[in-house]
Number of protein chains: 2
Amino acid sequence: MTSRDSGTRTRKAPTERRQEIVRAAALVGLTEGLECITLRRVADELGVQPGLVSHYFPAADTLVAEAFTSATRAELDGLLPEGPAGPGHETPLSTLRRFFVLIAGTEFDNVSKLWLNARHLSRYRPVLRDHVVDQELLWCRRIEQLIAAGTGTRLFHCANPWAAAVRILVAIDGSSAYINTSAGARTDPISDLARTVAERELGLAPDTLATL
Amino acid sequence: MTSRDSGTRTRKAPTERRQEIVRAAALVGLTEGLECITLRRVADELGVQPGLVSHYFPAADTLVAEAFTSATRAELDGLLPEGPAGPGHETPLSTLRRFFVLIAGTEFDNVSKLWLNARHLSRYRPVLRDHVVDQELLWCRRIEQLIAAGTGTRLFHCANPWAAAVRILVAIDGSSAYINTSAGARTDPISDLARTVAERELGLAPDTLATL
DNA sequence: TCGGCAATTGGCCAGGTGACCAATAGCGGT
DNA sequence: ACCGCTATTGGTCACCTGGCCAATTGCCGA
(Lines give C-alpha, C1' and ligand atoms only; values in the text may rest on other atoms or scores of the structure.)
Protein backbone atom coordinates (compact mmCIF):
# COMPACT_ATOMS: atom_id res chain seq x y z
CA MET A 1 0.00 0.00 0.00
CA THR A 2 2.79 2.37 0.86
CA SER A 3 5.16 1.22 -1.88
CA ARG A 4 4.66 2.77 -5.28
CA ASP A 5 5.54 -0.45 -7.07
CA SER A 6 3.20 -2.61 -5.05
CA GLY A 7 2.63 -5.84 -6.89
CA THR A 8 5.24 -5.46 -9.62
CA ARG A 9 8.00 -7.87 -8.82
CA THR A 10 11.00 -7.76 -11.14
CA ARG A 11 13.48 -10.56 -11.03
CA LYS A 12 17.05 -9.81 -12.03
CA ALA A 13 20.19 -11.82 -12.56
CA PRO A 14 21.89 -12.47 -9.23
CA THR A 15 25.16 -10.75 -10.09
CA GLU A 16 23.32 -7.74 -11.48
CA ARG A 17 21.05 -7.48 -8.45
CA ARG A 18 23.97 -7.84 -6.11
CA GLN A 19 25.89 -5.09 -7.85
CA GLU A 20 22.79 -2.91 -7.76
CA ILE A 21 22.54 -3.40 -4.01
CA VAL A 22 26.20 -2.60 -3.42
CA ARG A 23 25.94 0.56 -5.53
CA ALA A 24 22.85 1.74 -3.68
CA ALA A 25 24.55 1.02 -0.36
CA ALA A 26 27.66 2.89 -1.51
CA LEU A 27 25.56 5.93 -2.35
CA VAL A 28 23.86 5.85 1.03
CA GLY A 29 27.21 5.45 2.77
CA LEU A 30 28.77 8.29 0.81
CA THR A 31 25.98 10.79 1.35
CA GLU A 32 24.51 9.82 4.72
CA GLY A 33 27.14 7.71 6.41
CA LEU A 34 28.04 4.05 6.64
CA GLU A 35 25.87 3.49 9.71
CA CYS A 36 22.87 4.46 7.59
CA ILE A 37 23.46 1.41 5.43
CA THR A 38 20.74 -0.76 6.95
CA LEU A 39 18.80 -3.52 5.28
CA ARG A 40 15.66 -1.38 5.25
CA ARG A 41 17.38 1.81 4.09
CA VAL A 42 19.04 0.11 1.13
CA ALA A 43 15.88 -1.83 0.42
CA ASP A 44 13.61 1.15 -0.05
CA GLU A 45 16.38 2.94 -1.94
CA LEU A 46 15.83 0.21 -4.53
CA GLY A 47 12.08 -0.08 -3.98
CA VAL A 48 12.52 -3.61 -2.72
CA GLN A 49 11.83 -5.61 0.42
CA PRO A 50 14.45 -5.73 3.22
CA GLY A 51 14.52 -9.48 3.08
CA LEU A 52 15.99 -9.34 -0.41
CA VAL A 53 19.00 -7.39 0.73
CA SER A 54 19.28 -9.78 3.64
CA HIS A 55 19.26 -12.63 1.12
CA TYR A 56 22.27 -11.32 -0.81
CA PHE A 57 24.07 -10.16 2.33
CA PRO A 58 23.29 -12.48 5.24
CA ALA A 59 25.55 -10.32 7.39
CA ALA A 60 25.11 -6.58 7.11
CA ASP A 61 28.81 -6.02 7.87
CA THR A 62 29.72 -7.47 4.51
CA LEU A 63 27.45 -5.07 2.67
CA VAL A 64 28.91 -2.09 4.51
CA ALA A 65 32.43 -3.21 3.71
CA GLU A 66 31.71 -3.81 0.04
CA ALA A 67 29.88 -0.50 -0.22
CA PHE A 68 32.91 1.29 1.16
CA THR A 69 35.24 -0.43 -1.25
CA SER A 70 32.93 0.31 -4.16
CA ALA A 71 32.73 4.01 -3.31
CA THR A 72 36.41 4.61 -2.67
CA ARG A 73 37.60 2.60 -5.65
CA ALA A 74 35.38 4.61 -7.96
CA GLU A 75 36.58 7.83 -6.37
CA LEU A 76 40.23 6.91 -6.72
CA ASP A 77 39.76 6.13 -10.39
CA GLY A 78 38.33 9.61 -10.82
CA LEU A 79 41.20 11.25 -8.99
CA LEU A 80 44.14 9.27 -10.33
CA PRO A 81 43.37 7.25 -13.44
CA GLU A 82 45.04 3.89 -13.39
CA GLY A 83 48.05 3.00 -15.49
CA PRO A 84 51.46 4.58 -15.79
CA ALA A 85 50.34 7.23 -18.30
CA GLY A 86 47.18 9.28 -18.21
CA PRO A 87 44.53 9.11 -20.93
CA GLY A 88 45.60 12.25 -22.83
CA HIS A 89 49.01 13.81 -23.02
CA GLU A 90 49.51 14.19 -19.33
CA THR A 91 52.66 14.54 -17.34
CA PRO A 92 52.89 13.27 -13.78
CA LEU A 93 53.05 16.91 -12.74
CA SER A 94 49.78 17.87 -14.38
CA THR A 95 48.12 14.74 -13.01
CA LEU A 96 49.32 15.60 -9.53
CA ARG A 97 48.13 19.18 -9.93
CA ARG A 98 44.71 18.01 -10.96
CA PHE A 99 44.68 15.63 -8.00
CA PHE A 100 45.31 18.43 -5.52
CA VAL A 101 42.77 20.70 -7.15
CA LEU A 102 40.14 17.97 -6.96
CA ILE A 103 40.70 17.04 -3.35
CA ALA A 104 40.56 20.71 -2.39
CA GLY A 105 37.11 21.08 -3.98
CA THR A 106 33.86 20.72 -2.10
CA GLU A 107 32.90 17.67 -4.15
CA PHE A 108 35.59 15.83 -2.22
CA ASP A 109 33.96 16.63 1.13
CA ASN A 110 31.75 13.55 1.08
CA VAL A 111 34.77 11.40 0.36
CA SER A 112 36.62 12.91 3.31
CA LYS A 113 33.62 12.17 5.48
CA LEU A 114 33.49 8.63 4.18
CA TRP A 115 37.12 7.94 5.02
CA LEU A 116 36.72 9.41 8.48
CA ASN A 117 33.57 7.38 8.94
CA ALA A 118 35.16 4.15 7.76
CA ARG A 119 38.33 4.59 9.82
CA HIS A 120 36.31 5.01 12.96
CA LEU A 121 33.84 2.24 12.22
CA SER A 122 36.76 -0.10 11.56
CA ARG A 123 37.25 -0.10 15.31
CA TYR A 124 34.17 -2.24 15.69
CA ARG A 125 33.82 -4.03 12.35
CA PRO A 126 36.69 -6.32 11.38
CA VAL A 127 35.30 -6.99 7.90
CA LEU A 128 35.17 -3.29 7.14
CA ARG A 129 38.60 -2.87 8.64
CA ASP A 130 40.12 -5.28 6.14
CA HIS A 131 38.55 -3.40 3.25
CA VAL A 132 39.74 -0.06 4.59
CA VAL A 133 43.29 -1.32 4.94
CA ASP A 134 43.16 -2.59 1.38
CA GLN A 135 41.94 0.75 0.08
CA GLU A 136 44.54 2.65 2.09
CA LEU A 137 47.22 0.56 0.48
CA LEU A 138 45.64 0.97 -2.95
CA TRP A 139 45.50 4.76 -2.72
CA CYS A 140 49.05 4.84 -1.44
CA ARG A 141 50.31 2.60 -4.22
CA ARG A 142 48.54 4.68 -6.86
CA ILE A 143 50.29 7.80 -5.61
CA GLU A 144 53.55 5.95 -5.37
CA GLN A 145 53.27 4.96 -9.02
CA LEU A 146 52.67 8.55 -10.01
CA ILE A 147 55.71 9.67 -8.05
CA ALA A 148 57.81 6.92 -9.54
CA ALA A 149 56.75 8.00 -13.02
CA GLY A 150 57.72 11.57 -12.19
CA THR A 151 61.10 10.68 -10.79
CA GLY A 152 61.79 8.62 -13.88
CA THR A 153 61.50 11.70 -16.08
CA ARG A 154 63.42 13.86 -13.59
CA LEU A 155 60.30 15.93 -12.96
CA PHE A 156 60.30 14.93 -9.31
CA HIS A 157 63.29 14.37 -7.07
CA CYS A 158 62.54 11.77 -4.49
CA ALA A 159 64.68 9.03 -3.02
CA ASN A 160 61.85 6.92 -1.65
CA PRO A 161 58.56 7.17 -3.59
CA TRP A 162 56.74 4.87 -1.19
CA ALA A 163 57.65 6.89 1.92
CA ALA A 164 56.81 10.09 0.08
CA ALA A 165 53.40 8.72 -0.90
CA VAL A 166 52.72 7.68 2.68
CA ARG A 167 53.61 11.11 4.01
CA ILE A 168 51.53 12.92 1.40
CA LEU A 169 48.55 10.77 2.31
CA VAL A 170 49.07 11.41 6.00
CA ALA A 171 48.96 15.12 5.30
CA ILE A 172 45.82 14.76 3.20
CA ASP A 173 44.09 12.65 5.85
CA GLY A 174 45.10 15.13 8.51
CA SER A 175 43.62 17.97 6.52
CA SER A 176 40.35 16.17 5.96
CA ALA A 177 40.05 15.13 9.59
CA TYR A 178 38.23 18.37 10.39
CA ILE A 179 35.58 17.97 7.72
CA ASN A 180 32.78 17.51 10.26
CA THR A 181 33.97 20.03 12.81
CA SER A 182 36.19 23.00 11.99
CA ALA A 183 35.75 22.78 8.24
CA GLY A 184 35.03 26.48 8.02
CA ALA A 185 37.77 27.83 10.26
CA ARG A 186 41.54 27.73 9.90
CA THR A 187 41.16 26.51 6.32
CA ASP A 188 44.21 28.19 4.91
CA PRO A 189 46.98 26.58 6.96
CA ILE A 190 45.10 23.29 6.83
CA SER A 191 44.51 22.92 3.13
CA ASP A 192 47.98 24.19 2.38
CA LEU A 193 49.76 21.54 4.37
CA ALA A 194 49.15 18.57 2.10
CA ARG A 195 50.27 20.47 -0.97
CA THR A 196 53.29 21.88 0.85
CA VAL A 197 54.35 18.46 2.08
CA ALA A 198 54.02 17.09 -1.45
CA GLU A 199 56.14 19.85 -2.93
CA ARG A 200 58.83 19.30 -0.33
CA GLU A 201 58.79 15.52 -0.68
CA LEU A 202 59.11 15.73 -4.45
CA GLY A 203 61.69 18.51 -4.54
CA LEU A 204 59.34 20.94 -6.26
CA ALA A 205 59.43 24.71 -5.92
CA PRO A 206 56.82 26.15 -3.52
CA ASP A 207 53.35 26.65 -5.04
CA THR A 208 54.22 24.47 -8.02
CA LEU A 209 51.15 22.37 -7.28
CA ALA A 210 48.92 25.28 -6.31
CA THR A 211 47.03 25.75 -9.58
CA LEU A 212 46.39 24.03 -12.85
CA MET B 1 18.12 -8.92 42.31
CA THR B 2 20.84 -8.73 39.70
CA SER B 3 22.62 -5.72 41.16
CA ARG B 4 25.14 -6.38 43.87
CA ASP B 5 24.16 -3.27 45.81
CA SER B 6 20.46 -4.09 45.75
CA GLY B 7 18.73 -2.08 48.43
CA THR B 8 21.58 0.24 49.41
CA ARG B 9 20.69 3.60 48.02
CA THR B 10 23.27 6.32 48.53
CA ARG B 11 22.30 9.90 47.91
CA LYS B 12 25.01 12.29 46.86
CA ALA B 13 25.23 16.01 46.28
CA PRO B 14 23.96 16.86 42.80
CA THR B 15 27.19 18.42 41.56
CA GLU B 16 29.24 15.52 42.89
CA ARG B 17 26.94 12.93 41.37
CA ARG B 18 26.90 14.76 38.09
CA GLN B 19 30.68 14.91 37.96
CA GLU B 20 30.82 11.22 38.84
CA ILE B 21 28.53 10.43 35.93
CA VAL B 22 30.57 12.51 33.49
CA ARG B 23 33.81 10.86 34.61
CA ALA B 24 32.35 7.39 34.23
CA ALA B 25 31.02 8.28 30.80
CA ALA B 26 34.41 9.71 29.82
CA LEU B 27 36.11 6.47 30.81
CA VAL B 28 33.63 4.44 28.78
CA GLY B 29 34.06 6.76 25.81
CA LEU B 30 37.82 6.62 26.02
CA THR B 31 38.14 2.88 26.29
CA GLU B 32 35.13 1.55 24.40
CA GLY B 33 33.97 4.40 22.21
CA LEU B 34 31.55 7.30 22.47
CA GLU B 35 28.66 5.27 21.07
CA CYS B 36 29.01 2.95 24.05
CA ILE B 37 28.04 5.82 26.33
CA THR B 38 24.43 4.78 26.90
CA LEU B 39 22.26 5.42 29.90
CA ARG B 40 22.43 1.79 30.92
CA ARG B 41 26.15 1.36 30.31
CA VAL B 42 27.07 4.38 32.40
CA ALA B 43 24.46 3.42 35.00
CA ASP B 44 25.85 0.01 35.77
CA GLU B 45 29.38 1.39 35.60
CA LEU B 46 28.33 3.33 38.71
CA GLY B 47 26.10 0.58 40.12
CA VAL B 48 23.05 2.78 39.65
CA GLN B 49 19.75 2.75 37.83
CA PRO B 50 19.56 4.08 34.24
CA GLY B 51 16.86 6.53 35.23
CA LEU B 52 19.31 8.36 37.45
CA VAL B 53 21.66 9.11 34.58
CA SER B 54 18.63 10.10 32.57
CA HIS B 55 17.69 12.45 35.41
CA TYR B 56 20.98 14.36 35.27
CA PHE B 57 21.18 14.22 31.48
CA PRO B 58 17.69 14.40 29.95
CA ALA B 59 19.36 14.19 26.52
CA ALA B 60 22.06 11.58 26.05
CA ASP B 61 23.82 13.82 23.54
CA THR B 62 24.79 16.22 26.29
CA LEU B 63 26.39 13.48 28.34
CA VAL B 64 28.41 12.27 25.36
CA ALA B 65 29.59 15.79 24.61
CA GLU B 66 30.57 16.52 28.21
CA ALA B 67 32.30 13.16 28.51
CA PHE B 68 34.40 13.96 25.45
CA THR B 69 35.36 17.37 26.79
CA SER B 70 36.22 15.89 30.17
CA ALA B 71 38.46 13.23 28.65
CA THR B 72 40.31 15.45 26.20
CA ARG B 73 40.81 18.30 28.63
CA ALA B 74 42.37 15.95 31.16
CA GLU B 75 44.58 14.46 28.45
CA LEU B 76 45.74 17.86 27.21
CA ASP B 77 46.71 18.87 30.74
CA GLY B 78 48.84 15.74 30.93
CA LEU B 79 50.52 16.43 27.60
CA LEU B 80 51.05 20.18 27.81
CA PRO B 81 50.68 21.62 31.30
CA GLU B 82 48.93 24.93 31.29
CA GLY B 83 50.69 28.24 31.82
CA PRO B 84 53.59 29.89 30.02
CA ALA B 85 56.24 28.01 32.03
CA GLY B 86 56.24 24.34 32.99
CA PRO B 87 56.19 23.18 36.61
CA GLY B 88 59.91 22.46 36.93
CA HIS B 89 62.78 24.09 35.09
CA GLU B 90 61.50 23.31 31.64
CA THR B 91 62.29 24.96 28.36
CA PRO B 92 59.73 25.05 25.55
CA LEU B 93 62.03 22.66 23.72
CA SER B 94 62.01 20.04 26.46
CA THR B 95 58.26 20.40 26.85
CA LEU B 96 57.78 19.90 23.14
CA ARG B 97 60.11 16.91 23.17
CA ARG B 98 58.12 15.32 25.95
CA PHE B 99 54.93 16.07 24.05
CA PHE B 100 56.10 14.19 20.97
CA VAL B 101 57.41 11.28 23.02
CA LEU B 102 54.05 10.99 24.78
CA ILE B 103 51.88 11.07 21.68
CA ALA B 104 54.11 8.46 20.06
CA GLY B 105 53.54 6.06 22.95
CA THR B 106 50.86 3.40 23.01
CA GLU B 107 49.12 5.08 25.94
CA PHE B 108 48.07 7.77 23.48
CA ASP B 109 46.31 5.24 21.24
CA ASN B 110 43.01 5.50 23.09
CA VAL B 111 43.16 9.27 22.77
CA SER B 112 43.73 9.01 19.04
CA LYS B 113 40.75 6.70 18.81
CA LEU B 114 38.67 9.10 20.84
CA TRP B 115 39.45 12.04 18.56
CA LEU B 116 38.70 9.99 15.46
CA ASN B 117 35.50 8.79 17.08
CA ALA B 118 34.40 12.27 18.09
CA ARG B 119 35.21 13.86 14.75
CA HIS B 120 33.08 11.33 12.95
CA LEU B 121 30.23 11.40 15.44
CA SER B 122 30.16 15.19 15.17
CA ARG B 123 28.61 14.63 11.76
CA TYR B 124 25.38 13.59 13.43
CA ARG B 125 25.48 15.25 16.85
CA PRO B 126 25.58 19.05 16.88
CA VAL B 127 26.10 19.24 20.63
CA LEU B 128 29.17 17.04 20.44
CA ARG B 129 30.35 18.98 17.44
CA ASP B 130 30.47 22.22 19.40
CA HIS B 131 32.50 20.59 22.13
CA VAL B 132 34.92 19.07 19.62
CA VAL B 133 35.46 22.41 17.93
CA ASP B 134 36.16 23.97 21.32
CA GLN B 135 38.70 21.31 22.18
CA GLU B 136 40.37 21.56 18.77
CA LEU B 137 40.84 25.26 19.35
CA LEU B 138 42.03 24.66 22.89
CA TRP B 139 44.68 22.13 21.84
CA CYS B 140 45.77 24.42 19.04
CA ARG B 141 46.03 27.42 21.33
CA ARG B 142 48.01 25.45 23.90
CA ILE B 143 50.56 24.51 21.25
CA GLU B 144 50.60 28.04 19.93
CA GLN B 145 51.47 29.33 23.41
CA LEU B 146 54.34 26.90 23.65
CA ILE B 147 55.65 27.99 20.26
CA ALA B 148 55.29 31.63 21.19
CA ALA B 149 57.26 31.02 24.36
CA GLY B 150 59.98 29.32 22.33
CA THR B 151 60.21 32.05 19.75
CA GLY B 152 60.47 34.60 22.56
CA THR B 153 63.69 33.00 23.79
CA ARG B 154 65.00 32.49 20.24
CA LEU B 155 64.77 28.72 20.70
CA PHE B 156 62.30 28.46 17.85
CA HIS B 157 62.21 30.48 14.68
CA CYS B 158 58.70 30.91 13.48
CA ALA B 159 56.94 33.84 11.88
CA ASN B 160 53.38 32.72 12.61
CA PRO B 161 52.98 30.58 15.74
CA TRP B 162 49.26 30.07 15.14
CA ALA B 163 49.68 28.74 11.60
CA ALA B 164 52.57 26.57 12.77
CA ALA B 165 50.44 25.13 15.56
CA VAL B 166 47.64 24.39 13.11
CA ARG B 167 49.97 22.60 10.73
CA ILE B 168 51.59 20.56 13.49
CA LEU B 169 48.18 19.46 14.69
CA VAL B 170 47.13 18.53 11.17
CA ALA B 171 50.18 16.33 10.90
CA ILE B 172 49.44 14.72 14.26
CA ASP B 173 45.82 14.10 13.38
CA GLY B 174 46.85 12.66 10.04
CA SER B 175 49.24 10.27 11.75
CA SER B 176 46.64 9.10 14.22
CA ALA B 177 43.97 8.64 11.54
CA TYR B 178 45.16 5.08 10.96
CA ILE B 179 44.92 4.00 14.58
CA ASN B 180 42.06 1.59 13.88
CA THR B 181 43.27 0.29 10.54
CA SER B 182 46.91 0.29 9.47
CA ALA B 183 48.33 1.02 12.90
CA GLY B 184 50.84 -1.76 12.53
CA ALA B 185 52.06 -1.12 9.00
CA ARG B 186 53.90 1.86 7.53
CA THR B 187 54.53 3.20 11.02
CA ASP B 188 57.89 4.76 10.33
CA PRO B 189 57.00 7.34 7.67
CA ILE B 190 53.73 8.03 9.47
CA SER B 191 54.94 8.71 12.98
CA ASP B 192 57.88 10.68 11.64
CA LEU B 193 55.77 13.17 9.74
CA ALA B 194 54.37 15.12 12.68
CA ARG B 195 57.78 15.52 14.27
CA THR B 196 59.37 16.45 10.94
CA VAL B 197 56.72 19.06 10.23
CA ALA B 198 57.23 20.53 13.69
CA GLU B 199 60.98 20.73 13.27
CA ARG B 200 60.58 22.45 9.93
CA GLU B 201 57.90 24.87 11.15
CA LEU B 202 60.03 25.88 14.12
CA GLY B 203 63.34 26.11 12.31
CA LEU B 204 64.87 23.25 14.27
CA ALA B 205 67.55 20.90 13.02
CA PRO B 206 66.27 17.47 11.92
CA ASP B 207 65.76 14.95 14.73
CA THR B 208 65.96 17.69 17.34
CA LEU B 209 62.60 16.52 18.71
CA ALA B 210 63.28 12.81 18.27
CA THR B 211 64.30 11.94 21.82
CA LEU B 212 64.29 13.32 25.33
C1' DT C 1 13.07 15.21 66.28
C1' DC C 2 10.51 15.25 62.31
C1' DG C 3 8.47 16.93 57.88
C1' DG C 4 9.17 17.64 53.17
C1' DC C 5 11.95 18.16 49.22
C1' DA C 6 14.50 15.96 45.81
C1' DA C 7 17.63 12.22 44.56
C1' DT C 8 16.92 7.65 43.23
C1' DT C 9 14.47 3.64 41.94
C1' DG C 10 12.29 0.41 38.77
C1' DG C 11 9.48 -0.24 35.35
C1' DC C 12 7.25 1.15 31.00
C1' DC C 13 6.91 2.59 26.04
C1' DA C 14 7.72 3.27 21.01
C1' DG C 15 11.03 2.91 17.54
C1' DG C 16 14.83 0.90 15.10
C1' DT C 17 18.00 -2.81 14.34
C1' DG C 18 19.71 -7.62 12.18
C1' DA C 19 18.38 -12.11 11.46
C1' DC C 20 15.28 -15.48 10.04
C1' DC C 21 11.60 -18.11 7.40
C1' DA C 22 7.55 -19.94 4.88
C1' DA C 23 5.02 -18.69 0.87
C1' DT C 24 4.82 -16.67 -3.66
C1' DA C 25 5.89 -15.67 -8.32
C1' DG C 26 9.14 -14.57 -12.13
C1' DC C 27 12.12 -16.59 -15.42
C1' DG C 28 15.21 -19.94 -17.81
C1' DG C 29 15.85 -24.56 -19.44
C1' DT C 30 13.77 -28.67 -21.36
C1' DA D 1 4.28 -24.70 -23.36
C1' DC D 2 5.20 -25.78 -19.02
C1' DC D 3 7.79 -27.11 -15.08
C1' DG D 4 11.04 -26.37 -11.53
C1' DC D 5 14.52 -23.51 -9.54
C1' DT D 6 15.21 -19.54 -7.03
C1' DA D 7 14.73 -14.61 -6.60
C1' DT D 8 11.59 -12.07 -4.00
C1' DT D 9 8.07 -11.16 -0.79
C1' DG D 10 6.11 -9.92 3.70
C1' DG D 11 5.98 -10.83 7.95
C1' DT D 12 7.97 -12.23 12.72
C1' DC D 13 11.38 -12.45 16.32
C1' DA D 14 14.48 -10.90 20.11
C1' DC D 15 17.36 -7.23 21.30
C1' DC D 16 18.80 -2.60 22.42
C1' DT D 17 18.20 2.18 22.37
C1' DG D 18 16.46 6.94 24.50
C1' DG D 19 12.88 9.03 26.83
C1' DC D 20 9.45 9.04 30.30
C1' DC D 21 7.02 8.66 34.89
C1' DA D 22 5.03 7.34 39.40
C1' DA D 23 6.62 5.59 43.68
C1' DT D 24 10.10 5.30 47.11
C1' DT D 25 13.50 6.76 50.28
C1' DG D 26 17.59 9.23 51.85
C1' DC D 27 18.96 13.50 53.67
C1' DC D 28 18.79 18.50 55.00
C1' DG D 29 16.63 22.19 57.36
C1' DA D 30 13.26 23.81 60.57
Side-chain angles (χ1 to χ4, degrees), chain A residues 1-25 28-29 32-67 117 121 124-128, chain B residues 1-25 28-29 32-67 117 121 124-128:
Chain A
M1 189 196 284
T2 50
S3 89
R4 80 205 79 171
D5 295 350
S6 62
T8 73
R9 168 190 291 203
T10 52
R11 183 198 184 103
K12 300 189 175 182
T15 62
E16 183 188 356
R17 181 62 92 180
R18 190 188 159 89
Q19 197 180 44
E20 191 183 44
I21 292 175
V22 171
R23 290 223 181 104
V28 171
E32 305 173 25
L34 293 173
E35 32 276 282
C36 294
I37 301 181
T38 66
L39 302 183
R40 288 160 181 80
R41 181 69 186 83
V42 173
D44 49 64
E45 190 77 10
L46 295 171
V48 137
Q49 292 298 323
L52 181 59
V53 181
S54 183
H55 170 70
Y56 282 93
F57 293 90
D61 282 1
T62 314
L63 176 57
V64 172
E66 288 198 23
N117 191 344
L121 219 58
Y124 307 103
R125 312 219 184 179
V127 194
L128 174 60
Chain B
M1 191 196 286
T2 50
S3 86
R4 80 202 81 172
D5 296 350
S6 61
T8 74
R9 167 190 291 204
T10 53
R11 183 199 185 101
K12 299 190 176 180
T15 61
E16 183 189 356
R17 179 65 89 183
R18 190 188 159 91
Q19 195 179 44
E20 191 182 44
I21 292 175
V22 171
R23 291 224 181 102
V28 171
E32 304 173 25
L34 292 173
E35 32 276 283
C36 295
I37 300 181
T38 66
L39 302 183
R40 288 161 182 77
R41 181 72 186 80
V42 173
D44 49 64
E45 191 77 10
L46 294 170
V48 139
Q49 291 298 323
L52 181 58
V53 181
S54 183
H55 170 69
Y56 282 94
F57 293 90
D61 282 0
T62 314
L63 176 57
V64 173
E66 289 198 24
N117 191 343
L121 218 57
Y124 306 104
R125 312 218 185 181
V127 195
L128 175 61

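Here is how names work: the chains are called A, B, and so on, in the same order as the sequence lines, proteins then strands, and each is numbered from 1. For clarity, every value in this text was computed on a predicted model and none was experimentally measured.
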Colleague: Going through the distances and angles, do B:Leu34 and B:Leu128 end up as a side chain to side chain contact (heavy atoms under 4.5 Å, CB included)?
Modeller: CA-CA 10 Å; B:Leu34 292 173; B:Leu128 175 61; 4.2 Å; yes
Colleague: Which value, rounded to the nearest 0.5 Å, describes the distance between B:Leu52 atom CG and B:Glu20 atom CD?
Modeller: 9.0 Å
Colleague: Between protein and nucleotides 7-9 of chain D, what N or O pairs are separated by less than 3.5 Å?
Modeller:
{"residue": "D:dA7", "atom": "OP2", "partner": "A:His55", "partner atom": "NE2", "Å": "3.2"}
{"residue": "D:dA7", "atom": "O4'", "partner": "A:Arg11", "partner atom": "NH2", "Å": "3.3"}
{"residue": "D:dT8", "atom": "OP1", "partner": "A:Thr10", "partner atom": "O", "Å": "3.3"}
{"residue": "D:dT8", "atom": "OP1", "partner": "A:Lys12", "partner atom": "N", "Å": "3.0"}
{"residue": "D:dT8", "atom": "OP1", "partner": "A:Arg17", "partner atom": "NE", "Å": "2.9"}
{"residue": "D:dT8", "atom": "OP1", "partner": "A:Arg17", "partner atom": "NH2", "Å": "2.9"}
{"residue": "D:dT8", "atom": "OP2", "partner": "A:Arg17", "partner atom": "NE", "Å": "3.4"}
{"residue": "D:dT8", "atom": "OP2", "partner": "A:Tyr56", "partner atom": "OH", "Å": "2.9"}
{"residue": "D:dT8", "atom": "O2", "partner": "A:Arg9", "partner atom": "NH1", "Å": "3.3"}
{"residue": "D:dT9", "atom": "OP2", "partner": "A:Gln49", "partner atom": "N", "Å": "3.1"}
{"residue": "D:dT9", "atom": "O4'", "partner": "A:Arg9", "partner atom": "NH2", "Å": "3.0"}

Colleague: Could you walk me through whether A:Thr10 and A:Arg17 satisfy the side chain to side chain contact (heavy atoms under 4.5 Å, CB included) test, starting with their C-alpha distance in whole Å, then the side-chain angles of each, then the deciding distance to 0.1 Å, before giving a yes or no?
Modeller: CA-CA 10 Å; A:Thr10 52; A:Arg17 181 62 92 180; 3.9 Å; yes
Colleague: I'd like to know whether CZ of A:Arg41 has more than 12 heavy-atom contacts from other residues, nucleotides or ligands below 6.0 angstrom.
Modeller: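 Atom CZ in A:Arg41 is crowded, with more than 12 foreign heavy atoms closer than 6.0 Å.
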Colleague: Is B:Asn117 close to B:Glu35 at the side-chain level, that is, under 4.5 Å between some pair of heavy atoms?
Modeller: yes
Colleague: Would you say that A:Val22 contacts A:Tyr56 through its side chain, given a criterion of any heavy-atom pair below 4.5 Å between the two side chains?
Modeller: no
Colleague: Give the rounded distance in Å between these two atoms: CG of B:Asp61 and C1' of D:dG19.
Modeller: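 Going from CG in B:Asp61 over to C1' in D:dG19 covers 12 Å.
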Colleague: Atom CD of A:Glu66 and atom CD of A:Gln19: how far apart are they, to the nearest 0.5 Å?
Modeller: 11.0 Å
Colleague: Nearest 0.5 Å, please: how far is CZ in B:Arg125 from OG1 in B:Thr62?
Modeller: 10.5 Å
Colleague: Tabulate protein N/O versus nucleotide N/O from nucleotides 14-18 of chain C, keeping only pairs under 3.5 Å, one per line.
Modeller:
{"residue": "C:dG18", "atom": "OP2", "partner": "A:Leu39", "partner atom": "N", "Å": "3.3"}
{"residue": "C:dG18", "atom": "N7", "partner": "A:Arg40", "partner atom": "NH1", "Å": "3.0"}
{"residue": "C:dG18", "atom": "O6", "partner": "A:Arg40", "partner atom": "NH2", "Å": "3.0"}

